[in-house]
Amino acid sequence: MQRSIQRFGCLAILVALAACSAPLVPLDDIVIEKTFVPEKCARAVKVGDFVRYHYNGVFPDGKKFDTSYDRGSTYNVFVGKGQLIQGMDKALVGMCVNERRLVKIPPQLAYGKKGYGDIIPADAILHFDVLLLDVWNPEDGVQINTYHTPAICSRKVEVSDYVRYHYNGTLLDGTLFDSSHTRMRTYDTYVGIGWLIAGMDQGLLGMCVGERRIITMPPSLGYGENGDGSDIPGQASLVFDVVLLDLHNPSDGIAITNQQVPEPCPRKSVEGDFVRYHYNGSLLDGTFFDSSYSRNRTYDTYVGRGYVIAGMDEGLIGVCMGERRTITIPPHLAYGEEGTGSKIPGSAVLVFDVHIIDFHNPSDSTVMTVTSKPDPCDKLTKKGDFVKYHYNATLMDGSPIDSTYNYAKTYNIVLGANQVVPGMEEGLLGMCVGERRNIIVPPHLGYGEEGVVDEVPGSAVLVFDVELIEMEEGLPEGYMFIWNEEVNGDLFTEMDTDKNEQVEPSEFTEYIKRQVSEGRGRLAPGFDPQRIIDNMFNNQDRDSDGKITAAEFKLKADEGTSHDEL
């Protein structure tokens with residue numbers, strides 16, 4: 001009786017059969033009608049397979065005698081092992097998952113002349129409506145079907161790697177039981193160390209970031225005889241549709257791929273340098289999370305000082321100006337297990353495509369390179385000289401800033417008068433007319449951290465290509481006027497043209513201008529002559545009454561002072 005009950009219970013699936021109105025005809029064997037056949041049949045039932053199926057069982061008159069649906073669970077059994085009535089053992093062979101069959105079984109292949117208690121009478125023909133939901137074999141292992149492989153796969157999953165992936169989990173009949181997509185977050189775990197069911201631990205090995213694969217596993221490598229107690233029934237095959245998004249190992253360091261290295265590279269960045277760079281930041285699967293280009297400004301920072309994430313601090317050492325490189329940073333050198341919230345998930349590998357615009361060190365000085373020099377080159381610029389020069393000004397990446405050639409006129413300054421940035425002041429010293437120089441000015445000798453609005457970015461290294469066009473020798477330091485010849489011992493009398501014992505501003509101005517025009521004296525070049533003369537007059541007008549008396553008037557040499565006057 002025990003075996004009869006087991007045989008009876010093993011029957012099949014789904015809806016009830018309609019009553020048979022035609023006269024009963026003895027059956028010699030089972031009769032199978034396939035009412036639904038799936039388009040794809042990856043596997044058909046063979047003897048020795050384990051199957052899960054639903055069934056409705058009725059007599060030829062349509063009267064139901066049993067159904068798996070009323071019990072709320074599939075019937076699970078090995079096929080061809082004598083655990084079913086003979087007719088059902090034969091009927092299940094060759095079925096595909098989701099296939100539906102109507103099966104008529106004669107009594108000699110069912111319960112025969114004895115029947116089954118009060119449920120199945122003797123010599124009863126049985127009709128079953130069967131729906132196959134699952135099939136596997138004790139010898140099955142993990143089955144992998146890769147349906148998308150990325151063009152580039154620099155690394156594959158190995159034991160002890162940490163991965164982030166999305167998945168849809170279904171039963172073999174397509175019933176969804178879980179999905180990371182619905183939770184809108186990846187599943188993050190170590191691989192091969194027992195944190196996952198055995199089938200997933202095996203199925204993830206060898207994957208590339210961006211790869212998509214179907215991982216099918218028998219229950220022995222999934223949730224076994226008992227299922228998960230909720231959505232996964234016992235003895236169920238599992239199918240995971242997986243896309244790998246991220247991969248790293250706790251022992252990983254940063255990885256650097258040089259995309260473009262300029263030649264020559266006279267200097268590489270070192271710890272303590274201040275770097276300006278552009279970047280695009282993405283996750284390992286290509287998901288974009290940030291870009292300096294979108295803000296239309298570089299990211300500026302010291303390197304090797306902990307001002308940026310550890311991986312970037314390391315990745316920016318040893319770069320050339322103008323270099324482009326890709327820096328791949330594992331999470332323990334980036335934002336760790338927590339991430340940054342909305343943009344960077346926890347345990348994410350980060351990829352930065354970096355373009356180095358420039359860098360400098362606070363100890364840097366102006367760098368001057370002579371590109372062309374006339375021969376002879378005897379008269380060299382010095383402080384106080386009035387110089388006229390052309391220049392092209394750019395950033396280190398070649399971005400133009402300004403050019404005198406655009407205005408068709410030279411830029412004119414007095415060296416040492418703080419009329420240009422300190423780096424340019426230094427770079428123009430020691431030049432001769434016709435000489436060309438390349439002058440590199442670090443920001444602390446240029447426009448500093450603030451730069452010039454809409455013209456020069458903050459903390460930018462500047463490059464000037466300079467040509468000296470003209471030079472006028474300046475006066476000695478501290479002088480705005482000098483004599484070219486011996487001075488008359490009675491200058492006051494010469495100035496006092498109306499002989500009223502006082503020198504008016506007009507008399508003073510006329511006198512100085514005459515000395516300059518006649519070549520007896522020189523005013524400092526590059527400044528407003530009248531302002532110099534007015535300053536000289538005010539220095540002599542010691543009581544500030546608007547006139548100079550003989551008592552007030554003194555030569556510079558007589559006073560031993562350094563203020564600008566006669």
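- Considering only residues two or more places apart in sequence or on other chains, Ser160 meets the side chain to side chain donor-acceptor pair (under 3.5 Å) condition with Asn249.
- Remark: Lys81 qualifies as a cation-pi partner of Phe78 under the 6.0 Å distance and 45° angle criteria applied to the six-membered ring.
- For the pair Asp49 and Ala44, the tightest heavy-atom approach, listed with the atom from each and the gap, is OD2-O, 3.9 Å.
- Among Leu283, Asp246, Leu245, the one residue that satisfies the side-chain contact (heavy atoms from CB on, under 4.5 Å) test with Val349 is Asp246.
- Look at Arg267 and Asp273 and you find a salt bridge, because one of the NZ, NE, NH1 or NH2 atoms lies within 4.0 Å of a carboxylate O, short of that distance.
- Residues satisfying the salt bridge (Lys or Arg N to Asp or Glu O under 4.0 Å) test with Asp140, not counting sequence neighbours, are Arg43.
- Using a distance-only test at 3.5 Å, with no hydrogens or angles considered, no donor-acceptor pair links the side chain of Ser237 to the main chain of Asp134.
- Looking at Asn226, its side chain never comes within 3.5 Å of a backbone N or O of Gly234 through a donor-acceptor pair.
- A donor-acceptor distance shorter than 3.5 angstrom exists from the side chain of Ser269 to the backbone of Gly318, with no hydrogens or angles considered.
- Every residue two or more places apart in sequence or in another chain that forms a side chain to side chain donor-acceptor pair (under 3.5 Å) with Glu211 is listed here: Thr146, Arg213.
- Sorted pairs that involve residues 166-197 and meet disulfide (SG to SG under 2.5 Å), not counting sequence neighbours, are lacking altogether.
- Every residue two or more places apart in sequence or in another chain was checked for a salt bridge (Lys or Arg N to Asp or Glu O under 4.0 Å) with Asp231, and none qualifies.
- Nearest heavy atoms, Arg101 versus Ala91: NH1-O, 2.7 Å.
- For Asp70, the salt bridge (Lys or Arg N to Asp or Glu O under 4.0 Å) criterion is met by Lys64, not counting sequence neighbours.
- Applying the salt bridge (Lys or Arg N to Asp or Glu O under 4.0 Å) test to residues at least two apart or on different chains, the pairs with a partner in residues 341-361 are Arg276-Asp358.
- Residues satisfying the side chain to side chain donor-acceptor pair (under 3.5 Å) test with His444, not counting sequence neighbours, are none.
- Around CD of Gln259, the count of heavy atoms belonging to other residues, nucleotides or ligands within 6.0 Å exceeds 12.
- Two residues are said to be in side-chain contact when any heavy atoms from C-beta on lie closer than 4.5 Å; Phe65 and Ile120 meet this criterion.
- For residues 227-273, the ring-ring contact (aromatic ring centres under 6.0 Å, His included) pairs, not counting sequence neighbours, are Tyr162-His248, Tyr167-Phe240, Phe177-Phe240.
- The salt bridge (Lys or Arg N to Asp or Glu O under 4.0 Å) search around Asp188 returns none, not counting sequence neighbours.
- Aromatic pair Phe359/Phe274: ring centres not closer than 6.0 Å.
- Ser403 contributes atom OG, which lies 11.5 Å from atom CD1 of Ile401 (distance to the nearest 0.5 angstrom).
- In terms of modelled atom types and a separation under 3.5 Å, the side chain of Asn258 and the main chain of Gln260 share no donor-acceptor contact.
- Here the closest non-hydrogen pair linking Gly272 and Pro362 is O-CD, 3.9 Å.
- Taking both residues in full, the closest heavy atoms of Leu205 and Asp201 are given as CG-O, 3.4 Å, listed atom of the first, atom of the second, then distance.
- Scanning for side chain to side chain donor-acceptor pair (under 3.5 Å) contacts around Asp290 gives Tyr279, Arg295, with sequence neighbours left out.
- Judged by distance alone, the side chain of Trp136 and the main-chain N or O of Met217 form no donor-acceptor pair under 3.5 Å.
- In this structure, the ring of His166 has its center less than 6.0 angstrom from the ring center of His181.
- Between the side chain of Asp173 and the main chain of Leu133, no donor-acceptor pair closer than 3.5 Å is present.
- The salt bridge (Lys or Arg N to Asp or Glu O under 4.0 Å) pairs that include a residue from residues 307-328 are Glu323-Arg325, where partners are two or more places apart or lie in different chains.
- Without hydrogens or angle criteria, Asn296 side chain to Tyr293 main chain gives no donor-acceptor distance under 3.5 Å.
- For Val79 against Val93, the heavy-atom pair with the smallest separation is CG1-CG2, 3.9 Å.
- Taking a cutoff of 4.0 Å between a charged side-chain nitrogen and a carboxylate oxygen, Asp29 and Lys104 do not qualify as a salt bridge.
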